[in-house]
Amino acid sequence: MAIGRSGSSSSGSSAAKAAVKKALGEMGFNSSGGAINWFPGHMAAATRAIRDRLKVSDLVIEVRDSRIPLSSVNADLQPHLSKKRRVIALNKKDLANPNVMHKGTHYLDSRNQDCLPINAHSESCVKKLLDLVEVKLKEVISREPTLLVMVVGVPNVGKSALINSIHRIASSRFPVQEKIKRATVGPLPGVTQDIAGFKIAHHPSIYVLDTPGVLVPSIPDIETGLKLALAGSVKDSVVGEERIAQYLLAVLNTRGTPLHWKHSNNRRMEGIRYEPEEKHDYNLKDLRPKKKPPNVSDVLYIEDMVTEVQRALYFSLSEFDGDVENENDLECLIEQQFEALQKALRIPHKASEARIMVSKKFLTLFRTGKLGPFILDDVPAVNTAS
């Protein structure tokens with residue numbers, strides 16, 4: 001068996017991209033929609049509203065997904081964001097490979113973009129972020145008695161989770177929250193015209209707007225679209241769970257990831273009950289069987305399921321005679337793995353929607369971190385010689 005770039009941090013080989021492109025057909029992975037209506041009309045309206053709010057914001061917290069630090073951006077708004085004081089919060093760091101994450105932070109730092117990996121549910125992480133925000137705002141303290149901070153990001157990167165954590169911290173610091181005395185801006189859909197936010201600091205008064213700005217992701221190519229779909233920033237129904245699962249298998253196979261699972265069967269039990277960052281369509285509860293073996297807890301059941309899935313992918317890859325760098329060979333392997341996953345996930349053979357059920361459960365395991373931490377983006381190396 002030939003495996004290309006085993007263990008690489010790359011998101012997939014050219015064969016993987018070709019195989020996925022063939023499976024997807026000529027889908028329109030671009031901002032204009034192409035063959036797919038990627039984003040509803042209200043997203044465009046929200047983007048226009050963000051531009052209005054940026055005018056009155058003194059600093060922007062741009063939330064990105066740590067697994068796709070480059071793909072989870074809006075390229076059209078970057079020029080506007082770069083003109084503002086900005087902190088990039090790389091959220092979901094608990095789902096990102098810590099051995100690779102430093103490449104992303106180093107790359108952004110080299111471009112003079114302040115960034116901080118965070119877990120939006122961690123109070124200590126969020127406090128560090130707010131400390132950085134205050135440092136960045138110090139230079140305007142003397143000029144403005146009231147400062148506004150806006151949180152923006154593409155869908156499902158954890159904006160709401162971050163704002164909820166900021167709200168809890170703000171309430172503990174200032175139990176009686178004062179109203180913001182600042183000029184109003186154009187309303188977002190369903191939001192009153194008055195600015196609402198949480199006070200996080202005094203002298204000067206610093207407020208974080210309570211409504212996040214939703215950015216439309218830039219999708220210049222198929223692979224970027226699939227990364228966003230895999231991370232949950234594009235609805236599964238837009239691309240299709242089976243297509244996303246095919247992409248995930250292509251990434252795992254071309255990296256040789258299943259071969260590394262052989263040495264990780266003795267996984268620790270802690271962290272099994274992972275809670276998703278926001279309200280998604282996927283949840284560990286979806287993995288529970290309608291009829292569970294007696295005397296088996298949900299934790300143990302999911303743990304056993306993960307082991308079976310890893311074992312199935314390990315054996316299918318290790319016994320594969322083809323070359324994963326070959327488009328047709330990779331396609332054949334993925335087909336074999338769908339059958340192996342159906343058995344591992346204990347989905348009835350005659351189930352009318354077996355492949356969809358396999359895809360949904362497999363994606364849930366990935367998205368909840370059960371298959372391990374990943375970074376899907378290829379982050380450019382920074383030349384430190386100069």
Side-chain angles (χ1 to χ4, degrees), residues 11 65-68 72 91-97 119-121 155-158 160-161 226-253 257-258 261 264 267-293 296-314 316 334 337-348 351-376:
S11 59
D65 191 318
S66 288
R67 297 167 296 178
I68 46 174
S72 54
N91 192 29
K92 306 188 183 184
K93 72 172 187 176
D94 51 315
L95 298 180
N97 187 337
N119 177 344
H121 292 290
N156 198 27
V157 290
S160 296
L226 285 166
K227 289 176 188 175
L228 287 160
L230 183 52
S233 291
V234 173
K235 288 184 178 180
D236 287 352
S237 57
V238 173
V239 182
E241 290 91 345
E242 187 177 335
R243 287 163 169 162
I244 304 171
Q246 285 175 326
Y247 173 67
L248 175 54
L249 286 170
V251 169
L252 295 176
N253 289 324
T257 302
W261 286 337
S264 61
R267 296 179 313 282
R268 294 178 297 173
M269 293 298 295
E270 62 198 44
I272 294 299
R273 292 190 181 277
Y274 173 84
E275 295 295 333
E277 296 288 324
E278 294 184 278
K279 293 182 179 178
H280 309 321
D281 294 328
Y282 45 86
N283 192 293
L284 286 179
K285 292 179 181 179
D286 299 334
L287 298 173
R288 295 174 185 169
K290 292 181 179 178
K291 290 186 178 180
K292 185 177 59 182
V296 176
S297 69
D298 290 336
V299 171
L300 288 176
Y301 184 85
I302 293 172
E303 181 76 3
D304 289 343
M305 181 184 296
V306 172
T307 301
E308 289 299 317
V309 165
Q310 291 184 332
R311 184 179 293 128
L313 295 182
Y314 167 75
S316 61
I334 290 174
Q337 288 175 327
F338 261 100
E339 294 180 13
L341 285 173
Q342 185 174 339
K343 293 178 182 177
L345 294 168
R346 302 167 196 176
I347 293 173
S352 58
E353 298 181 350
R355 285 178 74 94
I356 296 296
M357 293 170 66
V358 167
S359 300
K360 285 184 176 181
K361 290 195 172 188
F362 184 48
L363 291 174
T364 297
L365 289 176
F366 172 81
R367 288 164 172 167
T368 53
K370 292 291 162 281
L371 299 181
F374 287 86
I375 289 184
L376 300 169

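- Considering CG of L228 and CD1 of I68, their distance stands at 4.5 Å, rounded to 0.5 Å.
- Considering only heavy atoms from C-beta on, V157 stays 4.5 Å or farther from N91 through its side chain.
- Listed by chain and residue number, nothing satisfies the ring-ring contact (aromatic ring centres under 6.0 Å, His included) test with F338 (two or more places apart in sequence, or in another chain).
- Salt bridge R367/D236: present, at least one basic N to carboxylate O contact under 4.0 Å.
- The distance from the CZ atom of F366 to the CG atom of L249 is 11.5 Å, given to the nearest 0.5 Å.
- Take A344 and apply the side-chain contact (heavy atoms from CB on, under 4.5 Å) test, not counting sequence neighbours, and it matches E308, V309, A312.
- Using a distance-only test at 3.5 Å, with no hydrogens or angles considered, a donor-acceptor pair links the side chain of S72 to the main chain of D65.
- Atom CD1 in I347 sits 11.0 Å away from atom CD in E353 (nearest 0.5 Å).
- Considering only heavy atoms from C-beta on, L365 stays 4.5 Å or farther from K361 through its side chain.
- Residues F362 and Q337 fail the side-chain proximity criterion, which asks for heavy atoms closer than 4.5 Å.
- Going from atom NZ of K227 over to atom CG of L248 covers 13.5 Å, rounded to the nearest 0.5 Å.
- Listed by chain and number, the residues in a salt bridge (Lys or Arg N to Asp or Glu O under 4.0 Å) with E242 are R355 (sequence neighbours excluded).
- One finds the OG atom of S316 at 13.0 Å from the CZ atom of R311 (value rounded to the nearest 0.5 Å).
- Using a 4.5 Å heavy-atom threshold, the side chains of P258 and L252 count as touching.
- Y247 places none of its side-chain heavy atoms less than 4.5 Å from the side chain of V239.
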